[in-house]
Amino acid sequence: MPAAPELISPRSPRVAAARRLARRNFRGKERLFLAEGPQAVREAAAHRVDGAATLVELFATVEAAERYVDIVVDARAAGARVHLADEEVIADISTTVTPQGLVGICRFLDTPFEEILAARPKLVAVLAHVRDPGNAGTVLRCADAAGAEAVVLTDASVDLYNPKAVRASVGSLFHLPVAVGVPVEAAVQGLKDAGVRILAADGAGEDDLDDELDKGTMGGPTAWVFGNEAWGLPEETRALADAVVRVPIHGKAESLNLATAAAVCLYASARAQRASGGCRSVTDS
């Protein structure tokens, strides 16, 4: 590894600025956010927005810099400033109980909703009034794994750059376009105008996911709308959808949590869109 800089002082203005990124108002003002841990930092170092590197700064303990030398090299290649720091500094910047020795500062990377529509996506996850950052990040990760082409966070949803949401996405934040601050009505209408069928996921939905799959109605472009963790989707949002779909509960569980239901729905659509000659129920044993 190239010669490393000296340990940065805990009193450095750079450390103070990084620490403030834990607060939403400061993130919004600077349009910067924290990415913690080797997976997120590795993805950030490789990511570009309009040709500009997303990772702009990296703080690393000596041990982490030696262990993840490839990440440090990639960070420098991306033009990021690399600071060696002791564990006290990393703990001060980090928002986790047990930091992993790497904390990156990244540029905002959300995509204008109009660009998402222009790309004619086939599978989209819309988070409507989702307030829990862990759930938001996990749904983003599920959408990425299922091959979705975009995620939309409505204007009443959690901050995409909340450190917990970034961690829960496990790097998926850097993999697919995400639009933020879009009113629910505008999101649904825009997707409909782009030829996307809108399915609202709701435990009390009139339509059953198994039936939708068996009828062969899920093979076209689809957007799933997922609601708040506690109260689900309000009636006015349900009314905007082409169908309100429930995930069938075959056992004795009362319900599924948001992230689990999202994974089932998104994978069902992914399978239907990739199927040749029809598809079977994803909940059949």
Side-chain angles (χ1 to χ4, degrees), residues 24 28 49 108-133 135-162 165 168-169 172-173 175-207 209 212 217-218 220-247 258-259 261-270 273:
R24 182 172 187 169
V49 175
F108 276 16
L109 44 71
D110 46 278
T111 300
F113 184 51
E114 294 74 18
E115 289 187 17
I116 288 175
L117 296 178
R120 312 294 290 186
K122 293 182 179 180
L123 184 57
V124 180
V126 179
L127 303 187
H129 308 289
V130 172
R131 304 290 179 82
D132 183 88
N135 275 334
T138 302
V139 173
L140 201 159
R141 182 184 183 187
C142 292
D144 179 23
E149 293 162 315
V151 173
V152 179
L153 274 72
T154 67
D155 53 356
S157 290
V158 68
D159 176 22
L160 172 66
Y161 303 109
N162 180 293
S169 80
S172 288
L173 171 63
H175 294 168
L176 73 172
V178 183
V180 300
V182 185
V184 175
E185 295 82 359
V188 170
Q189 191 58 55
L191 288 163
K192 282 185 175 181
D193 291 345
V196 178
R197 185 175 182 232
I198 309 298
L199 299 180
D202 193 291
E206 296 178 358
D207 299 306
L209 180 61
E212 289 287 323
T217 58
M218 294 179 58
T222 302
W224 282 96
V225 182
F226 303 108
N228 180 272
E229 302 84 352
W231 59 80
L233 290 169
E235 182 56 40
E236 57 267 28
T237 302
R238 290 161 52 102
L240 297 171
D242 295 304
V244 182
V245 182
R246 68 182 182 275
V247 176
L258 171 62
V264 172
C265 293
L266 290 165
Y267 267 95
S269 286
Q273 291 177 356

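The figures that follow rest on heavy atoms only: side chains count, while hydrogens, waters and symmetry mates do not.
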Of all heavy-atom pairs linking L109 and Y161, the shortest is N-OH, 2.9 Å
Closest non-hydrogen contact found for A263 with C142 is CB-SG, 3.8 Å
Would you check if V184 and E236 make a side-chain contact, meaning some heavy-atom pair closer than 4.5 Å?
-> no
With side-chain contact (heavy atoms from CB on, under 4.5 Å) as the test, would you mind laying out the steps for V124 and L191 before giving the verdict?
CA-CA 9 Å; V124 180; L191 288 163; 4.2 Å; yes
| said: Using side-chain heavy atoms (C-beta onward) and a distance below 4.5 Å, is D159 in contact with P133? | reply: no
Value for OG1 (T237) from CD (E185), rounded to nearest 0.5 Å, stands at 6.5 Å
Given side chains that start at C-beta, do those of V151 and L176 come closer than 4.5 Å, heavy atoms only? yes
How about R131 and N228: do any of their side-chain heavy atoms sit closer than 4.5 Å? yes
Smallest heavy-atom separation, S157 atom then L127 atom, equals OG-O, 2.9 Å
Taken to the nearest 0.5 Å, the spacing of R120 CZ from E149 CD works out to 11.5 Å
For D144, is there any backbone N or O sitting under 3.5 Å from a side-chain donor or acceptor partner on S172?
no
Minimal heavy-atom distance between F226 and V139, with the atoms involved, is CD1-CG1, 4.5 Å
Check: Do V126 and T154 come within less than 4.5 Å of each other through their side chains, counting heavy atoms only?
Finding: yes
Closest non-hydrogen contact found for I116 with P177 is CG1-CB, 4.0 Å
Shortest non-hydrogen pair, A168 vs R141, comes out as O-CD, 3.9 Å
Rounding to 0.5 Å, atoms CG (D202) and CZ (R238) come to a distance of 4.5 Å
- Give a yes or no on whether R246 atom CZ has more than 12 heavy-atom contacts from other residues, nucleotides or ligands under 6.0 Å away. yes
Next on the checklist: Is the shortest side-chain heavy-atom distance between V244 and E206 below 4.5 Å?
Outcome noted: no
Steps toward side-chain contact (heavy atoms from CB on, under 4.5 Å) verdict (L160, L140)
CA-CA 10 Å; L160 172 66; L140 201 159; 3.8 Å; yes
- Query: Side-chain contact, heavy-atom cut-off 4.5 Å: I198 with L240?
  - Reply: no
Just so I know, are the side chains of V49 and T111 near enough to count as touching, which here means a heavy-atom distance under 4.5 Å? no
The reported gap from CG in N162 to OG in S169 (rounded to nearest 0.5 angstrom) is 11.0 Å
With C265 as partner, the option from V247, T222, L199, V245 fulfilling side-chain contact (heavy atoms from CB on, under 4.5 Å) is V247
